[in-house]
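Whatever order the structure lists ligands and atoms in, that order sets their numbers, starting from 1. Hydrogens, waters and symmetry mates play no part in the numbers below; they use all other heavy atoms, side chains included.
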Amino acid sequence: MSSLPTIRSERAERGSFAGQTGLPRDTIRDDMKRSTPNSTTRRQLLRFLAASPYVASLGGVAAFLERTPLAQTTERSPDVITSPAEALDVHDLEEAARGKVMPGHWAYMASGVDDDGTLRANCDGYKHIQLRPRRLRDATKVDMRVELFGAAHESPIFLCPTASNKAFFPDGELAVARAAKARGTLYFLSTGTSTAVEEVNKALGRPVWQQLYAPSSWDACEKILRRVEAAGCTVIALTVDNTTGRNSETFLRARPKDVSQCTTCHASAAGPSAQERPMYDGINMTGVRMLNPAMDWAFVDRLRKFWKGKFMIKGIDTREDARLCVEHGVDAILVSNHGGRATETLRATIEALPEVVAEVGDRIPVFVDGGVRRGTDVFKAVALGAKAVGIGRPYLWGLGAFGQAGVDRVLEILEGELKLAMGNCGTQKVSDINRTYVATPVRCEFF
Ligand SMILES: Cc1cc2nc3c(=O)[nH]c(=O)nc-3n(C[C@H](O)[C@H](O)[C@H](O)COP(=O)(O)O)c2cc1C
C-alpha cells in the first residue's frame, strides 16, 4: 500500500488502491459482484493519502478523491487474487502482478511520459464511444476468427511488442509465446526482447511478427532483418513513434531511489544495453544507437526495397502519414502512440483511427493498439475500422502475476468479453462489425 500513489498506472489514476476501486461494474453474473464495506481499510487509505506528497501536489485528499471514482458504490475486494481463474477482469491481474514484479520493473512498465496524459487518453477514448446493438439475431453462432496476411487467428486481439519480458517473469517471452500458441493469438515480438526470436518462434509454433527498432546504422539494421528472415518471419513492423527517447517521468519518480540493485543485473541503472538484448548478438553496436532519430521516408523506401516480406509501420496517427504509407508501398498500418510512452498530450489512438482508416480505405489493413482493457474496446476498434486490436500492458500484468497462465487468462477474459459484446450486438462474425454498431463523439465523426 505504501508505494501506491507514486506509481501512477492508469489503474491508480482511476482510483484503485490495494485492490479497492470504485468502477461501476455491470456484471454478467451475480457472483461477480464483490461488496467490501471495510471502514478500517478506508480509514487507513485516507490516512495514507493525507501523508502522500503526490496527493498533496494535487491539492489534498478531497481534490484527489474528486479526480478518482472512489466515491462510487461498487468496490473491489481488497484481496489480491492468488490464481488466474479468480480474475474477473484484466485489472485483477494488474493488482496481482504489482505485488510480484520488482518495483523498478513495474515502474518501467506502468509509466507513460510527462504527466501520463496520453496514457490516460488512450483508455478514456473508449469510454466516449457507445455501442448500437441490433437485436433478434442468432447469438449462438458467434465466430471471432480472423485472417491476417493469410494466417488464421482465433480472435482479432493481438499481443503487442513489449521489450524485456524477463523483467516481469523468469520465462519472459517464452511464457507469452506459449500462451499465444495455446489461444491461437497473433504475437508481435519486440527488437528489445529478452529471448531470442528463434526460441520464441519455437515456443509459438510459427513465426512471430517481428517489431523493428531500426538502429542508427543500416548495416546493423540489415543484420537484424537477415536474422529475422532466417528465423522464418515474414512480417515486420517498423516502430516510428519513439525515435528521440522519452521523458518517463513517473518511471523516474516511482522506481526505487537506490538504483544500485539495478546494476547487479544491468550494466547501468538506465536499463538493459544492446549487449543484454539477444537480437543484437553478433552485431557491433559500438557508436550505434538502438533507435534512429534520423529515420525518414527515404529510410522507409530503403527498407521497403530490402525487406521482401510484409512491411507494417507502427505508430502512424494521422491521415497525412497514412497516405504516405500507401504511397511508399507499406503493407499495413498500426495506429499506435506506444501506449502513451513516447509523446505527451496525443489523442487517444481510438480517436486517431477513423481518419487513418478513411484515408487508406481498403487498400491496406489498419490495426490499432493503446488503452484496450475490455472486449467492448476491441469491438469498438473493429467497428471503427481496425482489422486487429493490440494489447500491451494487460498481458504483461498477466505475465507478471502468473506467467503463461496469466497471459492465457488475460486473453480468455478479453475474448470472452468480446464474444458477449458480439452476441449481444447481433454480430456473428468479426467482418459483420462496422461503424453502424457504435455511436461516436463528434471528434471521431468528421471522416
Ligand atoms: C513495458 C512496455 C514495453 C514496450 N516495448 C515496446 C517495444 O519494444 N517496441 C514497440 O514498438 N512498442 C513497445 N511498447 C508499446 C506497445 O507495443 C504498445 O504500443 C502499447 O503497449 C499499447 O498500449 P497498452 O499498453 O495501453 O495496451 C511497449 C509497451 C510497454 C508497456
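Among the atoms of Tyr108, none of the N or O lies under 3.5 angstrom from an N or O of ligand 1. The shortest N or O to N or O distance between Gly371 and ligand 1 is under 3.5 Å. At least one N or O atom of Ala163, backbone or side chain, sits closer than 3.5 Å to an N or O atom of ligand 1. At under 3.5 Å, a nitrogen or oxygen of Arg373, whether backbone or side chain, sits near a nitrogen or oxygen of ligand 1. In terms of N/O distances under 3.5 Å, ligand 1 is approached by Arg393. Between Thr191 and ligand 1, no pair of N/O atoms sits closer than 3.5 Å.
Near Ser190, meaning under 4.0 Å from one of its heavy atoms, ligand 1 places the atoms 7 (C), 8 (O). The contact set between ligand 1 and Gly370, taken as ligand atoms under 4.0 Å from a residue heavy atom, comprises 22 (C), 23 (O), 26 (O). Taking every non-hydrogen atom of Leu396 and a distance limit under 4.0 Å, the qualifying atoms of ligand 1 come out as 1 (C). The atoms of ligand 1 that sit less than 4.0 Å from any heavy atom of Ser336 are 19 (O). Every atom of ligand 1 is numbered from 1 in the order shown, and the set under 4.0 Å from a heavy atom of Cys160 is 16 (C), 17 (O), 18 (C).
Comment: Glu222 engages Arg226 in a salt bridge, judged by a side-chain N to carboxylate O separation of less than 4.0 angstrom. Residues Arg98 and Glu95 are paired through a salt bridge, judged by an N-O separation under 4.0 Å between the basic side chain and the carboxylate. One finds a salt bridge joining Asp408 and Arg183 here, because a Lys/Arg side-chain nitrogen approaches an Asp/Glu carboxylate oxygen to under 4.0 Å. Between Glu199 and Lys202 no salt bridge is recorded (no basic side-chain N to carboxylate O distance below 4.0 Å).
A cation-pi arrangement is present between Arg341 and Tyr108 under the rule of less than 6.0 angstrom and at most 45 degrees off the ring axis.
A donor-acceptor distance shorter than 3.5 angstrom exists from the side chain of Arg393 to the backbone of Met109, with no hydrogens or angles considered.
Under the 3.5 Å distance criterion, with hydrogens and angles disregarded, a donor-acceptor pair is assigned to the side chains of Thr162 and Asn165.
Proximity of Thr239 to ligand 1, defined as any heavy-atom pair under 4.0 Å, is confined to the side chain (atoms from C-beta onward). No part of Val372 comes within 4.0 Å of ligand 1, judged by heavy-atom distances. Residue contacts with ligand 1, taken as heavy atom pairs separated by less than 4.0 Å, do not involve Phe188 at all.
A heavy-atom separation below 4.0 Å is found between Asp369 and ligand 1.
With a 4.5 Å cut-off on side-chain heavy atoms, Phe367 and Val335 do not count as touching. Using a 4.5 Å heavy-atom threshold, the side chains of Thr185 and Ser155 count as separate.
For atom 16 (C) of ligand 1, the candidate residues are Pro161, Gly392, Gly339; the nearest heavy-atom contact is made by Pro161. Residue nearest to atom 30 (C) of ligand 1, selected from Arg341, His105, Met109: Arg341 (by heavy-atom distance).
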For Glu86 and Ser83: C-alpha separation, side-chain torsions, deciding distance, then whether side chain to side chain donor-acceptor pair (under 3.5 Å) applies. CA-CA 6 Å; Glu86 290 172 66; Ser83 74; 3.2 Å; yes
Would you sort out whether Ser217 and Asp219 count as a side chain to side chain donor-acceptor pair (under 3.5 Å), showing the intermediate values? CA-CA 5 Å; Ser217 126; Asp219 183 55; 5.0 Å; no
